[in-house]
Amino acid sequence: VGFVRDVTIRKLLAEAEREASDSLLFNLLPEYIACRLKADPSHIADHFDNTTILFADIVGFTDRTSKMSPREVVSMLNDIFSRFDHLCDTYELNKVKTIGDCYMITSIPSNSFEHDGCARVCRFALDMLREVRDFNKTCPQHGPIDFRVGISTGPVVAGVVGVKRLLFDMWGDAVNVAARMEQSGLAGQIQVTRNVVDSAGSDFTFEFRGTLMVKGKGLMDVYMLKSAKPNEQWSQSLGGSDRPKPQRTLSCKSMLV
């Protein structure tokens, strides 16, 4: 009886360790990438024709944080980025990484027409600015902050890099252009390319900003995303601070068939 009990305990502990490992993997990587990596731990590198990329960062971050304690900086970033993480889950987007005060997300990479993914990213962008305004009201101790947001859409190369702290990263012209849209953008606004305007659909209102000289691209027409028509699906998902977050399944069977 004692031997059987010991074996059962070891099995339960091993299962608990596997579940903890899976949970960590699914928090680090998109679900479909985590499933592929579990099935085949070799390098993952793919080309996708259509992906929408968003960069956002805090205006005047360096000057602001020079007057703050390390604890205050981390507290501020954790609060605002946690809000963005929740929106990322709600819209089922792919959080790529944060670098300092920069936050990067993408649509789920695809080889099909990018209307749905682009629309999700645009709604995310509008809602993230709403979250910033709410943050400024509820966390006045940090002082008002503003974000610049840039969005582009196009082909990317995506893959998992490294063997520690795995990262599903993306590279390509569309990624560079999204970064340029953010860098040349305006505080509290969302600057996008013409491709985003064409891909997002008729639910969105854009305003032509002008033609800018974009590093590495030359002259480009750029637009400001201003608003979106109400969408019942997302309104219900976002309706309430006590709403449960979507739960990720740790089963990869259906994704690997």
Side-chain angles (χ1 to χ4, degrees), residues 51-91 93-107 118 120-154 156 158 165 167-193 195-196 206-207 209-210 212-217 220 222-226:
T51 303
T52 300
I53 305 102
L54 175 149
F55 284 95
D57 80 348
I58 298 173
V59 178
F61 177 75
T62 302
D63 289 341
R64 174 186 296 274
T65 54
S66 66
K67 305 176 183 69
M68 299 169 65
S69 71
R71 183 181 294 274
E72 288 173 330
V73 174
V74 172
S75 175
M76 178 184 71
L77 291 176
N78 181 65
D79 191 331
I80 192 68
F81 284 171
S82 294
R83 294 166 183 251
F84 297 166
D85 287 350
H86 178 77
L87 288 175
C88 190
D89 280 346
T90 299
Y91 286 109
L93 298 172
N94 171 46
K95 178 183 176 182
V96 179
K97 56 189 172 184
T98 60
I99 305 174
D101 64 316
C102 182
Y103 191 92
M104 177 186 179
I105 63 104
T106 74
S107 61
C118 187
R120 288 170 185 259
V121 172
C122 287
R123 289 189 181 275
F124 171 92
L126 291 166
D127 282 335
M128 78 185 303
L129 291 186
R130 292 190 189 99
E131 288 290 349
V132 172
R133 291 193 291 271
D134 182 70
F135 174 87
N136 287 335
K137 292 177 182 177
T138 58
C139 303
Q141 71 273 21
H142 296 306
I145 62 173
D146 270 322
F147 272 78
R148 282 189 306 262
V149 184
I151 308 176
S152 180
T153 189
V156 299
R165 298 181 183 178
L167 173 66
F168 180 64
D169 209 347
M170 297 188 187
W171 306 268
D173 188 59
V175 176
N176 296 334
V177 171
R180 302 300 183 205
M181 289 297 101
E182 178 271 311
Q183 292 161 6
S184 62
L186 302 176
Q189 298 202 48
I190 305 160
Q191 184 165 270
V192 308
T193 62
N195 285 345
V196 172
F206 296 92
E207 182 180 286
R209 180 187 178 189
L212 300 184
M213 178 62 69
V214 178
K215 183 178 178 180
K217 296 296 293 181
M220 291 186 68
V222 298
Y223 301 78
M224 295 298 183
L225 171 59
K226 291 299 186 180

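All values below were derived from every heavy atom in this structure, side-chain atoms included, with hydrogens, water molecules and symmetry-related copies excluded.
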Nearest 0.5 angstrom please: Asn176 CG to Gln183 CD, how far? 9.5 Å
Mind checking the SG-CG spacing from Cys118 to Asn195? Nearest 0.5 Å is all I need. 9.0 Å
From Asp89 CG over to Phe84 CZ, what is the distance, rounded to the nearest 0.5 angstrom? 14.0 Å
Which atom pair, heavy atoms only, marks the closest approach of Met220 to Thr193? CE-CG2, 3.9 Å
Verify the neighbour count for atom NZ of Lys226: are there more than 12 heavy atoms of other residues, nucleotides or ligands below 6.0 Å? yes
All side-chain hydrogen bond (donor to acceptor under 3.5 Å, both in side chains) counterparts of Arg209, not counting sequence neighbours: Gln191
State whether Asp134 and Arg130 are salt-bridged, where the test is any N-O pair (Lys NZ or Arg NE/NH1/NH2 against Asp/Glu carboxylate O) under 4.0 Å. no
For Tyr91 and Asp127, run side-chain contact (heavy atoms from CB on, under 4.5 Å): C-alpha distance rounded to whole Å, both residues' side-chain angles, the deciding distance at 0.1 Å, then the answer. CA-CA 10 Å; Tyr91 286 109; Asp127 282 335; 2.3 Å; yes
Would you say Arg148's side chain and Asp57's backbone share a donor-acceptor pair under 3.5 angstrom? no
Determine the minimum heavy-atom distance between Leu93 and Ile105, stating which atoms define it. CD1-CD1, 3.6 Å
Quick one: pull up CD in Glu131 and OG in Ser82 and give me the separation to the nearest 0.5 Å. 10.5 Å
Before giving the answer on side-chain contact (heavy atoms from CB on, under 4.5 Å), spell out for Ile145 and Asn136 the whole-Å C-alpha distance, their side-chain angles and the decisive distance to 0.1 Å. CA-CA 7 Å; Ile145 62 173; Asn136 287 335; 3.5 Å; yes
Apply the test side-chain contact (heavy atoms from CB on, under 4.5 Å) to residues Leu54 and Met181: give CA-CA distance (whole Å), side-chain angles for both, the deciding distance (0.1 Å), then the verdict. CA-CA 9 Å; Leu54 175 149; Met181 289 297 101; over 6 Å; no
Aromatic ring pairing Phe81/Tyr103, orientation class (parallel under 30°, perpendicular over 60°, tilted between): tilted
Taking C-beta and beyond as the side chain, do Leu77 and Phe61 meet within less than 4.5 Å on heavy atoms? yes
Identify the two heavy atoms, one from Ser184 and one from Leu212, that lie closest to each other, and give their separation to 0.1 Å. OG-CD1, 4.0 Å
In this structure, is the centre-to-centre distance between the rings of Phe147 and Phe135 below 6.0 Å? no
Nearest heavy-atom pair of Ile53 and Thr51: which atoms, and what distance? CD1-O, 3.5 Å
side-chain contact (heavy atoms from CB on, under 4.5 Å) between Ile190 and Met128: does it pass, once the steps are laid out? CA-CA 10 Å; Ile190 305 160; Met128 78 185 303; over 6 Å; no
In this structure, which one of Val175, Thr106, Thr52 forms a side-chain contact (heavy atoms from CB on, under 4.5 Å) with Val156? Val175
Any chance you could measure Leu87, atom CG, to Arg120, atom CZ, to the nearest 0.5 Å? 13.5 Å
Which heavy atom of Val196 sits nearest a heavy atom of Cys122, and at what distance? CG1-SG, 3.9 Å
Closest non-hydrogen atom pair between Val121 and Ser107, with its separation: CG2-N, 3.8 Å
How would you list all residue pairs meeting salt bridge (Lys or Arg N to Asp or Glu O under 4.0 Å) that involve residues 61-77, not counting sequence neighbours? none
Any donor-acceptor N/O pair, Asp101 side chain to Ile58 backbone, under 3.5 Å: yes
